Amino acid sequence: MSDVQSNDVLSSVTRAEYCVIACAEAWRDNGEVLASPMGAVPSVAARLARLTFAPDLLLTDGEAMLVGPDGTVEGWLPYRQHLTMVTGGRRHVMMGASQIDRFGNQNISCIGDWERPTRQLLGVRGAPVNTLNNPVSYWVPRHSTRVFVEKVDMICGVGYDSAAAAGPTASRYHRIPRVVSNLGVFDFATPDRSMRLASLHPGVTIEEVREATGFELTVPEEVPYTREPTGEELELIREMLDPQGLRNREVKG
């Protein structure tokens with residue numbers, strides 16, 4: 001790809017593609033672990049990571065097979081082996097969140113009081129086991145004060161404060177590498193393990209992020225932009241991994 005072509009391509013990068021890059025970076029330097037992405041953008045991101053900077057990453061078809069980025073079967077992953085990887089920390093999940101608070105507690109079960117919720121959601125599912133046994137990142141396609149809340153209505157995924165309160169057995173393998181939304185990337189690299197703005201997607205301002213967040217967010221003096229995709233990465237995203245543009249349905253604009 002020539003420099004002129006490369007510049008033209010990079011100038012047309014969509015918000016969804018920045019989100020793909022930000023999610024893919026969650027698996028950088030993970031080595032041979034099982035990626036478990038949930039959602040269109042994380043799924044494209046995990047395969048992109050495998051094709052570029054994380055060649056040892058393991059992918060699954062969601063049932064019983066290990067697969068390559070194009071879906072080619074590479075091995076068998078029976079349920080018992082999958083559970084061994086989970087409890088041994090050799091998996092990195094990227095889950096969704098109906099609510100997430102400043103310490104990374106996540107809710108996908110219900111909205112409102114437990115005894116009489118206003119809305120029933122997915123249920124707790126495997127969130128507690130995931131968060132206590134292997135790294136878990138989060139993907140939020142629509143950043144708002146309804147999702148980023150001061151306190152979740154129910155704890156499904158365990159946050160840093162909850163893990164610490166439960167003791168060493170809960171905090172030993174607990175880790176939330178990053179939260180990615182349509183506005184930016186967030187981590188917990190603060191003294192009290194509260195959420196911090198790590199990068200802004202190009203075109204987003206700090207004020208926009210603050211207005212869309214329902215708690216006080218740690219914001220460094222200098223906040224970088226989410227890194228640009230390379231020409232190769234864009235070509236892979238657009239022509240091989242997501243030619244139908246599912247990423248743009250999940251992230252508008």
Side-chain angles (χ1 to χ4, degrees), residues 9-10 12-28 30 33-54 57-63 65-74 77 91-100 106-108 121-123 125-127 130 135-144 146-148 156-157 176-186 199-204 212 226-230 232-253:
V9 169
L10 289 176
S12 66
V13 179
T14 66
R15 180 70 59 81
E17 288 162 346
Y18 280 112
C19 291
V20 169
I21 293 299
C23 288
E25 285 290 337
W27 285 286
R28 186 179 286 276
N30 276 197
V33 303
L34 180 65
S36 294
M38 301 177 189
V41 166
S43 295
V44 174
R47 290 182 289 153
L48 179 67
R50 163 70 184 272
L51 284 168
T52 53
F53 55 78
L57 200 63
L58 301 177
L59 305 174
T60 176
D61 64 355
E63 295 183 7
M65 298 295 178
L66 290 172
V67 297
D70 61 353
T72 302
V73 174
E74 296 182 336
L77 186 68
R91 184 174 72 153
H92 185 167
V93 184
M94 183 166 283
M95 298 176 64
S98 301
Q99 292 180 327
I100 189 166
Q106 170 249 34
N107 176 24
I108 51 173
L121 304 174
L122 290 173
R125 308 295 288 262
N130 289 343
V136 175
S137 293
Y138 292 105
W139 160 239
V140 179
R142 294 176 182 83
H143 192 131
S144 74
R146 296 178 63 182
V147 180
F148 287 75
C156 300
I176 307 174
R178 63 174 47 194
V179 177
V180 180
S181 81
N182 62 313
L183 298 184
V185 180
F186 308 83
S199 76
L200 291 166
H201 300 326
V204 179
T226 302
R227 78 164 176 88
E228 297 278 355
T230 66
E232 177 193 7
E233 287 171 331
L234 279 179
E235 187 174 354
L236 287 170
I237 292 169
R238 295 173 179 179
E239 298 183 15
M240 175 182 174
L241 299 175
D242 187 26
Q244 296 179 326
L246 297 179
R247 63 194 181 279
N248 296 314
R249 299 181 192 176
E250 204 163 72
V251 180
K252 304 296 183 182

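Only a predicted model underlies this, so the values are computations on that prediction, with no experimental measurement involved. What's counted below: heavy atoms across the whole structure, side chains too, no hydrogens, waters or symmetry copies.
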Measure the spacing between CG of Leu58 and OG1 of Thr60 and express it to the nearest 0.5 Å. 9.5 Å
Mind checking the OG-CG spacing from Ser12 to Leu234? Nearest 0.5 Å is all I need. 7.0 Å
Is any NZ, NE, NH1 or NH2 atom of the basic residue among Glu25 and Arg178 found under 4.0 Å from an Asp or Glu carboxylate oxygen of the other? no
Arg15 and Asn248: side chain donor to acceptor below 3.5 Å: no
Which atom pair, heavy atoms only, marks the closest approach of Gln106 to Gly96? NE2-O, 2.8 Å
Atom pair OG (Ser181) and CZ (Arg142), whose distance is rounded to the nearest 0.5 Å: 12.0 Å
In this structure, CG of Leu66 is separated from OG1 of Thr72 (nearest 0.5 Å) by 12.5 Å
Between Asn130 and Arg125, is the side-chain contact (heavy atoms from CB on, under 4.5 Å) condition met? List the steps. CA-CA 10 Å; Asn130 289 343; Arg125 308 295 288 262; over 6 Å; no
If every non-hydrogen atom of Pro69 is compared with every non-hydrogen atom of Arg47, which pair is closest and at what distance? O-CD, 3.1 Å
So Arg247 and Glu17, side-chain contact (heavy atoms from CB on, under 4.5 Å) or not? Walk me through it. CA-CA 7 Å; Arg247 63 194 181 279; Glu17 288 162 346; 3.1 Å; yes
Do Leu241 and Leu48 have side chains that get closer than 4.5 Å, going by heavy atoms? yes
His92 and Ser137: side chain donor to acceptor below 3.5 Å: yes
Report the distance from atom CG of Asp242 to atom CD of Glu250, rounding to the nearest 0.5 Å. 9.5 Å
Tell me if a side-chain donor or acceptor on Gln99 pairs with a main-chain N or O of Val147 at a distance below 3.5 Å. no
So which atom in Cys156 and which in Ile108 form the shortest heavy-atom distance, rounded to 0.1 Å? SG-N, 3.5 Å
Salt bridge (Lys or Arg N to Asp or Glu O under 4.0 Å) partners for Arg50, two or more places apart: Glu74
Shortest non-hydrogen pair, Thr226 vs Ser199, comes out as OG1-OG, 2.9 Å
Is there a side-chain contact between Pro177 and Trp27, using heavy atoms and a 4.5 Å cut-off? no
Sorted by chain and number, sequence neighbours left out, ring-ring contact (aromatic ring centres under 6.0 Å, His included) with Phe186 holds for His143, Phe148
Locate the shortest heavy-atom distance separating Pro202 from Tyr18; write the atom from each residue and the value. CG-CZ, 3.5 Å
Give the intermediate values and the outcome of side-chain contact (heavy atoms from CB on, under 4.5 Å) for residues Ile21 and Val13. CA-CA 11 Å; Ile21 293 299; Val13 179; over 6 Å; no
Just verifying a value: how many Å separate Asn182 CG and Trp139 CH2, rounded to the nearest 0.5 Å? 6.5 Å
Give the intermediate values and the outcome of side-chain contact (heavy atoms from CB on, under 4.5 Å) for residues Val41 and Val251. CA-CA 8 Å; Val41 166; Val251 180; 4.2 Å; yes
Which heavy-atom pair separates Ser36 from Arg91 by the least distance, and what is that distance? OG-CD, 3.2 Å
Can Arg227 and Glu233 be counted as an ion pair, charged N to O under 4.0 angstrom? yes
Beyond-backbone contact of Val179 with Ile100, side-chain heavy atoms, under 4.5 angstrom: yes
For Arg146, all residues meeting side chain to side chain contact (heavy atoms under 4.5 Å, CB included), sequence neighbours excluded: Arg119, Ser144
